[in-house]
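These notes are about the structure you will find just below.
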Amino acid sequence: MTHHPLIIVATADEESTMDGARLLARLKRPKAKYCVIGEPTDLTPVHMHKGVMMESLTVTGRSGHSSDPQMGRNAIDGMMRVLTDLSAWRESLKQQSNPAFLVPYTTLNFGHICGGDNPNRICPQCVLNFDLRPLPGMSGAQLRQELRERIARVLDDTDLDFEMTSLMSGIEPFSSGDDSVLARELSGISGKAPITVAFGTEAPFFKELGCDTVVFGPGRIDQANQPDEYIELSALDETVRMLRRLIHRCCMTG
């Protein structure tokens, strides 16, 4: 019989920046064969989730009086061009799909826009904040590069400037892989087939460490972050029972 160690990792700020998991990935530790990420999955193994990107675009022009448009450069006009182009890009993203997800394609949401301060003043600056949820297999860095290239091309024949910044570091899409032993074990223990979710977790960082990683835990995501957030005691009892079986299989036998 081969014995393997059990490591319990508590990370900082897993709800937003995930700085703790990011630091572990940079330090390349701990080394482990398997990793269970505790999230409210209703005790169903999650083997894939989308990535999360939140970006901000600022288009800058020059203010002036509306009576003479040639005296300024209207940032809203430039943002209208960008929105038209990104709307077309959003439709093209639907061509790459994964039927395992409820929404099977990468989503792009225009969440917040702000520009100008007076109807008789040429708008000098317009800001757009948006959200991208890419599918597994896509790269956040590549998507950001494509965004910059598209925006630069759209505004190339204007006198407008633009700047893109990330509102968060971003979470890469995650897949445990078709050969995940852990997903298969948790599926057998729970009696539930692995599923996908659209929210992000720390799973990509632990997979980067070389762990066979699955997201699994008690509670439901629709109960999370609510004023009356709770987990039923019966679900905790069931979690303990399942984890005991998993520990026995993964830590007590080779």
Side-chain angles (χ1 to χ4, degrees), residues 16-19 21-22 25-26 46-61 73-116 123-178 196-209 213 215:
S16 51
T17 67
M18 301 191 179
D19 282 343
R22 293 180 197 277
R26 289 198 298 271
V46 169
H47 67 130
M48 283 195 292
H49 67 61
K50 292 183 178 181
V52 182
M53 299 169 57
M54 295 183 185
E55 309 297 315
S56 181
L57 168 68
T58 301
V59 175
T60 302
R73 302 195 301 272
N74 198 312
I76 291 178
D77 289 343
M79 189 64 79
M80 287 172 59
R81 286 191 178 198
V82 171
L83 284 169
T84 298
D85 186 78
L86 293 187
S87 295
W89 187 50
R90 176 169 58 186
E91 290 303 307
S92 71
L93 289 172
K94 294 180 181 180
Q95 296 175 11
Q96 182 175 341
S97 65
N98 187 327
F101 288 89
L102 180 63
V103 180
Y105 48 82
T106 296
T107 58
L108 169 58
N109 178 64
F110 304 129
H112 173 78
I113 191 167
C114 180
C123 172
Q125 192 171 81
C126 188
V127 179
L128 170 69
N129 294 341
F130 56 96
D131 168 291
L132 266 165
R133 304 265 168 163
L135 293 169
M138 304 179 81
S139 161
Q142 291 178 1
L143 287 169
R144 289 188 184 94
Q145 181 61 30
E146 185 171 355
L147 276 166
R148 290 188 183 91
E149 291 173 356
R150 295 185 73 97
I151 295 166
R153 187 163 57 248
V154 166
L155 298 179
D156 183 57
D157 62 345
T158 72
D159 292 325
L160 299 167
D161 298 317
F162 78 91
E163 181 181 7
M164 261 191 66
T165 57
S166 295
L167 298 173
M168 59 176 289
S169 298
I171 303 167
E172 289 296 306
F174 163 72
S175 173
S176 61
D178 295 336
T196 67
V197 294
F199 59 85
T201 76
E202 294 177 315
F205 304 107
F206 286 93
K207 186 173 182 184
E208 185 180 334
L209 289 170
T213 305
V215 184

Pairwise side-chain contact, M54 with N129, heavy-atom cut-off 4.5 Å (strictly under): no
Side chain to side chain contact (heavy atoms under 4.5 Å, CB included) between V103 and R133, intermediate numbers included: CA-CA 10 Å; V103 180; R133 304 265 168 163; over 6 Å; no
Nearest heavy atoms of A203 and V215, plus distance in Å: CB-CG2, 3.9 Å
Parallel, tilted or perpendicular, as decided by the 30° and 60° cut-offs, for the rings of F174 and H49: tilted
F206 to A21 - nearest heavy-atom pair and separation: CE1-CB, 4.1 Å
Spatial distance of atom CD (E91) from atom OH (Y105) [nearest 0.5 Å]: 8.0 Å
Intermediate values then yes/no, side chain to side chain contact (heavy atoms under 4.5 Å, CB included), E172 and E208: CA-CA 11 Å; E172 289 296 306; E208 185 180 334; over 6 Å; no
Inter-residue atom distance I76.CD1 - L160.CG, 0.5 Å rounding: 11.5 Å
Interatomic spacing from CG in L93 to CG in L86 - rounded to 0.5 Å: 9.5 Å
Which atom of A152 lies closest to which atom of F162, heavy atoms considered: CA-CE2, 3.7 Å
Sidechain-backbone polar pair: K50 side chain, T107 backbone, donor-acceptor under 3.5 Å: no
Check: L57 and M79 side chains under 4.5 Å, non-hydrogen atoms: yes
Short side-chain donor-acceptor distance under 3.5 Å, Q142 and E146: no
Main-chain N/O of P104 paired to K94 side chain as donor or acceptor, under 3.5 Å: no
Smallest separation among heavy atoms of V127 and S56, with atom names: CG1-OG, 3.7 Å
Note, V46 side chain near T201 side chain (heavy atom, < 4.5 Å): no
Heavy atoms of other groups near D178 CG, more than 12 under 6.0 Å: no
S175 side chain to P136 backbone, donor-acceptor under 3.5 Å: no
Separation of M164 CE from R148 CZ (nearest 0.5 Å): 5.0 Å
Pairing of D85 and R150 as salt bridge, 4.0 angstrom limit: yes
Over all atoms of both residues, closest heavy-atom pair of P173 and P134: CG-O, 3.6 Å
Distance, nearest 0.5 Å, that separates CG of L128 from CD1 of I151: 8.5 Å
Side chain to side chain contact (heavy atoms under 4.5 Å, CB included) evaluation trace for E55 with L143: CA-CA 11 Å; E55 309 297 315; L143 287 169; over 6 Å; no
Note, L132 side chain near M138 side chain (heavy atom, < 4.5 Å): no
Full working for side chain to side chain contact (heavy atoms under 4.5 Å, CB included) between R81 and V59: CA-CA 11 Å; R81 286 191 178 198; V59 175; over 6 Å; no
Minimum heavy-atom distance between I171 and R22, given as atom pair plus value: CG1-NH2, 4.3 Å
CE (M80) with more than 12 external heavy atoms under 6.0 Å: no
T58 OG1 to D161 CG distance, which is reported to the nearest 0.5 Å: 11.5 Å
Any M168 side-chain heavy atom under 4.5 Å of V52 side chain: yes
Student check: side-chain heavy atoms of S176 and T213 closer than 4.5 Å: no
